[in-house]
Every structure is written in structure tokens, then in C-alpha cells.
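Below: the structure, in C-alpha cells.
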2 protein chains.
Amino acid sequence: METKDILSRRGIAPSLTRLKIYEYLRAASHPSVDEIYQNLKEEIPTLSKTTVYNTLHLFVEKDLAKALFTDFSKNRYDIKDVPHAHFHCTECDEIHDIHEITPPRIAEDAIEGYLAKEAQLTLKGVCPRCRRQNTNSQ
Amino acid sequence: METKDILSRRGIAPSLTRLKIYEYLRAASHPSVDEIYQNLKEEIPTLSKTTVYNTLHLFVEKDLAKALFTDFSKNRYDIKDVPHAHFHCTECDEIHDIHEITPPRIAEDAIEGYLAKEAQLTLKGVCPRCRRQNTNSQ
DNA sequence: AAATAAAACTGTAATGATTACAAGGGGGTG
DNA sequence: CACCCCCTTGTAATCATTACAGTTTTATTT
Ligand SMILES: [Mn+2]
Ligand SMILES: [Mn+2]
Ligand SMILES: [Zn+2]
Ligand SMILES: [Zn+2]
């Protein structure tokens, strides 16, 4: 399906800016607002960072994207897609998709009294590349 | 075990400030830096917010506490204790412990190439109190 | 095609969390 | 008492995010 249609079907007008932000988010790996902004402003020189914020908020509201849970100070975003876990490398701060492990599927009423909508599973540790570098430099 | 000993055995000098911060963190529910600061400065009028930051960083480094993964702008902290999941209410922004569900126990080498150290499982939705309020106000 | 209204986008300023850094202070050791 | 270490403090700088008002673009109506 075309990006244009993905946005339209969620009631989002498919402006050029929104298409580009959506496609960047889809292709990149859990980018921050600033990463999106820095990269797209080459193509769209008039782009404003506020627009990136606005657009991501819109995507999250319309359930096209989600903000990742992290413990560093800037948010990362991800396309809503097949469920998967995330691995947060504490050395390089990259976030990798882990499809071998999935967050448990929680029914909305699984926890007495609560209304559960979404589950995120995040692992923390050292990624393959950083492990290799550590070994080599010893 | 006394708080003093808990700190000492990790190689942390048990100063009054550190004891109080540790005990606040233990008793409170996933406080932010500012919450800890605001509450403790009644008892310790000379307390500096920098000290709260320093102390929490130290606790995390020494594996006494951990920073929670969230998608809002200020970090929340938790005592390292029995594994449990967290529920993040999108209405009131409170974080509740969920002991009925636990993050999967991941072996260090569970994912090919990675070194996994820790797993956090976070649910998102509406907490019981906010659900009741929503119903009442309709 | 001009007029109008709605929506999208921009730039700047304000806010808030976090970090950087340099200096103050207090207790133990010689 | 002098010295040192490390805990603590206060201020300034940095960075992410939000608030907001104004401008541009797009769609709709006349
Ligand atoms: Mn992902
Ligand atoms: Mn907890
Ligand atoms: Zn890495
Ligand atoms: Zn709530």
C-alpha cells in the first residue's frame, strides 16, 4: 500500500512533509526527533522542528507510530508494526529490534481493575558491535 | 538489614543524605528527581538537587536502583528488588507495580551476539482510579 | 478566477530536565 | 593542627520539549 493511503485511511491529510516523515520513520531505526529533522531538512529546506514534533504526535495519536520507553532524555519513535522487543545498548545507545522475543500479549482486562492497551518489552545490555570493539581494544 | 549496611556492602559511604534518599526511594512509588528533592528538603534544608542527581546515578551504577523506561520527559527511579512489570497510566501519569506479570527472565546469551543484562516490561493504559473518574463524570 | 475558510507549517520564545563544573565544607589521619 | 579525600552545594550551560502567534498552503464556495 502507498504511504499516501496509509495516512489517508487514518484521517491524516497526506502532505509532502508528513509523507516524508512517515517514510523516514519507516526506513530508519527508532530515530529521535532531531535525527528526523536533521536528515529531512536537506530534502525539505523549509522544514521546521516544530512540524516534526507535531507530526509525530499526530502519528502517535492516530496509532501509526509509538514513542519508545527509554531511560535517556530524548524520545525515540517507532512505526507501529508487528510486535517485537527492543534492545537498548548502553554503550552506543542504539536501539535494535529483537524479533525472537515478543512482549506478552496482554488482554485489555488482564489486570484486575486496569485497562491495558499496550505492552513494551525492553532489554538492556551490550550489542554485538560494541562487544566486538571491547574485545579488540583489550 | 539496615539501610546503612545495604549501602556499605556496595561500597557506598552511608552519609545521611544518601540514607534518606535511599529510604525515600524505597518507600515512595517510582519518584522523579524533583519529587525526591521537594520532599527531602524539609528534613534536609541544605539539600541540593545536584546531590539527588549524583546519588541516584551512584545507586544505579552500584545496582541498588534503576531508571525506569518511560516516554515522558523526566526519569523515574525504582529500587532494585523482585522483578515486576510496570503500568503507566496515560491519564494521571502514575506508575504502578504489577506483580501478576513479570518481565521474562532473559539469559545473558539468550539473543545471539548480544549480552543481555536486564529486561523491563511496561504496560500502558488507564489505571483503576482514572477509570472510575471517567465513568462518574459522564 | 476571486473570496473565504480550514488546515498545515514555521519561527521564536518559554519552560523544564539534566549535565558540567568549580568551589565549599566536614571528618578522619598523621 | 594541617592535610587530604570525598561528599555536597550552587550556578551556569545545555538540550529536549512545549506554547503560541503568525504565515503559507490547500481546499471549498461563490
Ligand atoms: Mn522497533
Ligand atoms: Mn516498581
Ligand atoms: Zn552498542
Ligand atoms: Zn491514572
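Letters go in sequence order (proteins before strands), and every chain restarts at 1.
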Is there a side-chain polar atom (N or O) of [X] under 4.0 Å from OP1 or OP2 of [N]?
X: A:Ser15; N: D:dT25; answer: no
X: B:Asn75; N: C:dT18; answer: yes
X: A:Ser48; N: C:dC9; answer: no
X: B:His57; N: C:dT18; answer: no

Using whole Å, report how far [atom1] of [X] lies from [atom2] of [N].
X: B:Ile12; N: D:dC6; atom1: CD1; atom2: C1'; value: 14 Å
X: A:Glu61; N: D:dT18; atom1: CD; atom2: P; value: 14 Å
X: B:Tyr53; N: D:dG10; atom1: OH; atom2: P; value: 16 Å
X: B:Lys74; N: C:dT18; atom1: NZ; atom2: P; value: 8 Å
X: A:Tyr77; N: D:dT17; atom1: OH; atom2: P; value: 6 Å
X: A:Tyr37; N: C:dG11; atom1: OH; atom2: C1'; value: 10 Å
X: B:Arg18; N: D:dT9; atom1: CZ; atom2: P; value: 11 Å
X: A:Leu16; N: C:dT10; atom1: CG; atom2: P; value: 10 Å

Original post:
Where do B:Ile12 and B:Leu58 land on the side chain to side chain contact (heavy atoms under 4.5 Å, CB included) test, with the steps shown first?
Top reply: CA-CA 8 Å; B:Ile12 300 172; B:Leu58 184 67; 3.8 Å; yes
Original post:
What nucleotide, of D:dT9, D:dA19, D:dT17, holds the atom closest to the side chain of A:Thr50?
Top reply: D:dA19
Subject >> Selection from C:dT10, C:dT18, D:dT9 that lies nearest to any side-chain heavy atom of B:Asn54 >> reply: D:dT9
Original post:
Are side-chain N/O atoms of B:Glu35 and B:Tyr24 paired as donor and acceptor at under 3.5 Å?
Top reply: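 Yes, B:Tyr24 and B:Glu35 have a side-chain donor paired with an acceptor closer than 3.5 Å.
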Original post:
Under 3.5 Å, is there a donor-acceptor pair between the B:His84 and B:Asp78 side chains?
Top reply: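 Short answer, yes.
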**OP:** Run the ring-centre check on A:His96 versus A:His30 and record whether the distance is less than 6.0 Å.
**Re:** no
Subject >> A:His88 ring center within less than 6.0 Å of A:Phe72 ring center >> reply: yes
Original post:
Of A:Ala13 and B:Ser73, whose closest DNA chain C nucleotide lies nearer the 5' terminus?
Top reply: A:Ala13
**OP:** Describe the nucleic acid contact of B:Ser32 in one word from base, sugar-phosphate, nothing, applying a heavy-atom distance below 4.0 Å.
**Re:** nothing
